[in-house]
2 protein chains.
Amino acid sequence: MGATKTEHFTDAQNQIAIIAKALGHPARIAIIEYLLKVNECICGDIVNELPLAQPTISQHLKELKNAGIIKGSISGNTICYCIDEKTIDILNSYFLKITQTLSKSKCC
Amino acid sequence: MGATKTEHFTDAQNQIAIIAKALGHPARIAIIEYLLKVNECICGDIVNELPLAQPTISQHLKELKNAGIIKGSISGNTICYCIDEKTIDILNSYFLKITQTLSKSKCC
DNA sequence: AAACAATATCGTAATATTGCAATATTATAA
DNA sequence: TTATAATATTGCAATATTACGATATTGTTT
């Protein structure tokens with residue numbers, strides 16, 4: 001064994017896990033923060049901003065895209081990446097709901 | 001190679017990544033949702049609730065604990081686990097800030 | 001067309017994660 | 001004290017992730 005048993009869990013649980021997993025690497029957090037900082041989509045200079053080789057960054061971008069956290073569209077020679085608000089909203093409402101449930105809790 | 005180059009990123013980036021990574025598995029999401037559902041700390045029956053063997057669940061609990069997402073205290077024979085609100089709050093404010101930044105963005 | 005730039009893909013080595021059987025630990029119950 | 005119950009740890013096989021050099025792809029520029 002060794003593979004995650006996704007079939008034993010609900011679609012909703014797997015979806016949150018996939019998004020969280022994609023955020024579970026500091027390089028990918030750094031990519032997101034850079035996208036926020038530059039405040040626009042043209043992102044051809046991510047490679048110069050991060051201490052990783054170009055293929056590695058390309059791979060991280062792919063994972064963020066697969067998880068729906070960023071979206072990319074081809075714009076001539078460069079590729080325009082930006083954050084997909086919908087996915088961030090999923091996280092926002094998920095964790096907010098946890099906080100709200102906890103506030104009603106008899107837990108420690 | 002193969003290991004994550006944490007030293008190249010900020011402490012804040014690594015912290016978010018560690019928390020997100022711990023949430024990046026459906027079994028651990030299921031554990032959290034179960035903790036929320038029972039609405040209390042005594043959690044000796046997680047093993048009966050999840051389709052995984054006891055050592056596997058124990059390992060997932062350990063990872064959630066290491067990431068600060070749950071806290072556990074020994075209570076006689078059983079161990080009392082519950083969600084650590086502080087860590088959920090870190091996520092809430094992190095993703096909320098992203099949403100707020102995006103709303104001011106000239107991005108697509 | 002040829003050179004160049006930006007990005008993606010392939011291949012692969014190093015490392016990490018997942019899952020579980022077997023076993024250990026520790027507290028309660030008999 | 002000897003079971004019994006709950007949880008943790010160990011060890012290991014299967015699989016996934018991370019990182020990057022080499023190379024491919026594709027659009028732009030000359």
Side-chain angles (χ1 to χ4, degrees), chain A residues 1-9 13-14 17-31 34-35 38 41-67 69-82, chain B residues 1-9 13-14 17-31 34-35 38 41-67 69-82:
Chain A
M1 282 120 214
T4 298
K5 296 187 156 182
T6 53
E7 70 278 12
H8 289 337
F9 303 98
Q13 285 167 342
N14 281 311
I18 285 169
I19 299 169
K21 189 176 187 177
L23 293 172
H25 192 290
R28 296 195 286 267
I29 294 293
I31 287 172
Y34 182 67
L35 279 170
V38 299
C41 293
I42 294 92
C43 308
D45 49 351
I46 288 182
V47 171
N48 307 315
E49 287 291 322
L50 294 186
L52 292 170
Q54 180 268 323
T56 307
I57 291 168
S58 187
Q59 198 174 296
H60 283 309
L61 287 167
K62 193 178 175 184
E63 278 170 69
L64 285 169
K65 201 178 171 189
N66 285 341
I69 296 165
I70 62 175
K71 46 190 175 180
S73 52
I74 295 161
S75 164
N77 207 9
T78 58
I79 295 217
C80 160
Y81 278 119
C82 60
Chain B
M1 280 117 220
T4 298
K5 296 185 159 183
T6 54
E7 71 277 12
H8 288 148
F9 303 98
Q13 287 167 341
N14 281 311
I18 285 170
I19 298 170
K21 190 176 187 178
L23 293 171
H25 193 291
R28 296 194 288 264
I29 294 293
I31 288 172
Y34 182 66
L35 279 172
V38 299
C41 293
I42 293 92
C43 308
D45 50 350
I46 288 182
V47 171
N48 308 314
E49 287 290 322
L50 294 185
L52 293 169
Q54 180 268 324
T56 308
I57 291 169
S58 185
Q59 197 174 295
H60 283 309
L61 287 167
K62 192 178 174 184
E63 277 170 70
L64 285 169
K65 200 177 171 190
N66 284 343
I69 296 165
I70 63 176
K71 45 191 175 180
S73 52
I74 295 161
S75 163
N77 208 8
T78 57
I79 295 219
C80 160
Y81 278 119
C82 61

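All chains are named by letter (A, B, ...) in the order of the sequence lines, taking the proteins before the strands, and each is independently numbered beginning at 1.
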* Quick one: on DNA chain D, does A:Leu52 or A:Lys21 contact a more 5' nucleotide (nearest heavy atom)? -> A:Lys21
* Using atom NE2 of A:His8 as one end and atom P of C:dT18 as the other, report the distance to the nearest whole Å. => 15 Å
* Asked: Between B:Arg28 (side chain) and B:Ala22 (backbone), is there a donor-acceptor pair under 3.5 Å?
  -> yes
* Structure fact -> In whole angstroms, the gap separating C1' of C:dT18 from CG of A:Asn14 amounts to 15 Å
* Quiz item: A:Gln54 side-chain donor-acceptor pair to C:dA8 base, under 3.5 Å -> yes
* Structure fact -> Under a 4.0 Å heavy-atom cutoff, the residues of residues 55-67 of chain A touching DNA chain D are A:Pro55, A:Thr56, A:Gln59, A:His60, A:Glu63
* Asked: Sequence neighbours excluded, which residues qualify as side chain to side chain donor-acceptor pair (under 3.5 Å) partners of B:Gln13?
  -> A:Glu33, B:Thr10
* Can you check the B:Asn48 CG to D:dA5 P distance for me, whole Å? -> 13 Å
* Test side chain to side chain donor-acceptor pair (under 3.5 Å) applied to B:Thr4 - qualifying residues, sequence neighbours left out -> A:His25
* Specify the separation, in whole Å, of atom CG of B:Leu50 and atom C1' of C:dC20. => 15 Å
* Under 4.0 Å between a side-chain N or O of A:Lys5 and OP1 or OP2 of C:dC20? -> yes
* Starting at atom CD1 of B:Ile18, determine the distance to atom C1' of C:dT17, rounded to an integer number of angstrom. => 15 Å
* Rounded to the nearest 0.5 Å, what's the gap from NZ on A:Lys21 to CD1 on B:Ile29? Could you check? => 12.0 Å
* Test side-chain contact (heavy atoms from CB on, under 4.5 Å) on B:Leu52 and B:His60 and set out the steps. => CA-CA 10 Å; B:Leu52 293 169; B:His60 283 309; 4.1 Å; yes
* Can B:Leu23 and A:Leu23 be said to form a side-chain contact (heavy atoms from CB on, under 4.5 Å), step by step? -> CA-CA 9 Å; B:Leu23 293 171; A:Leu23 293 172; over 6 Å; no
* Structure fact -> note: B:Leu23, atom CG; C:dT18, atom P; distance rounded to Å ~ 12 Å
* Asked: Within less than 4.0 Å of OP1 or OP2 of C:dA8, is there a side-chain N or O belonging to A:Tyr81?
  -> yes
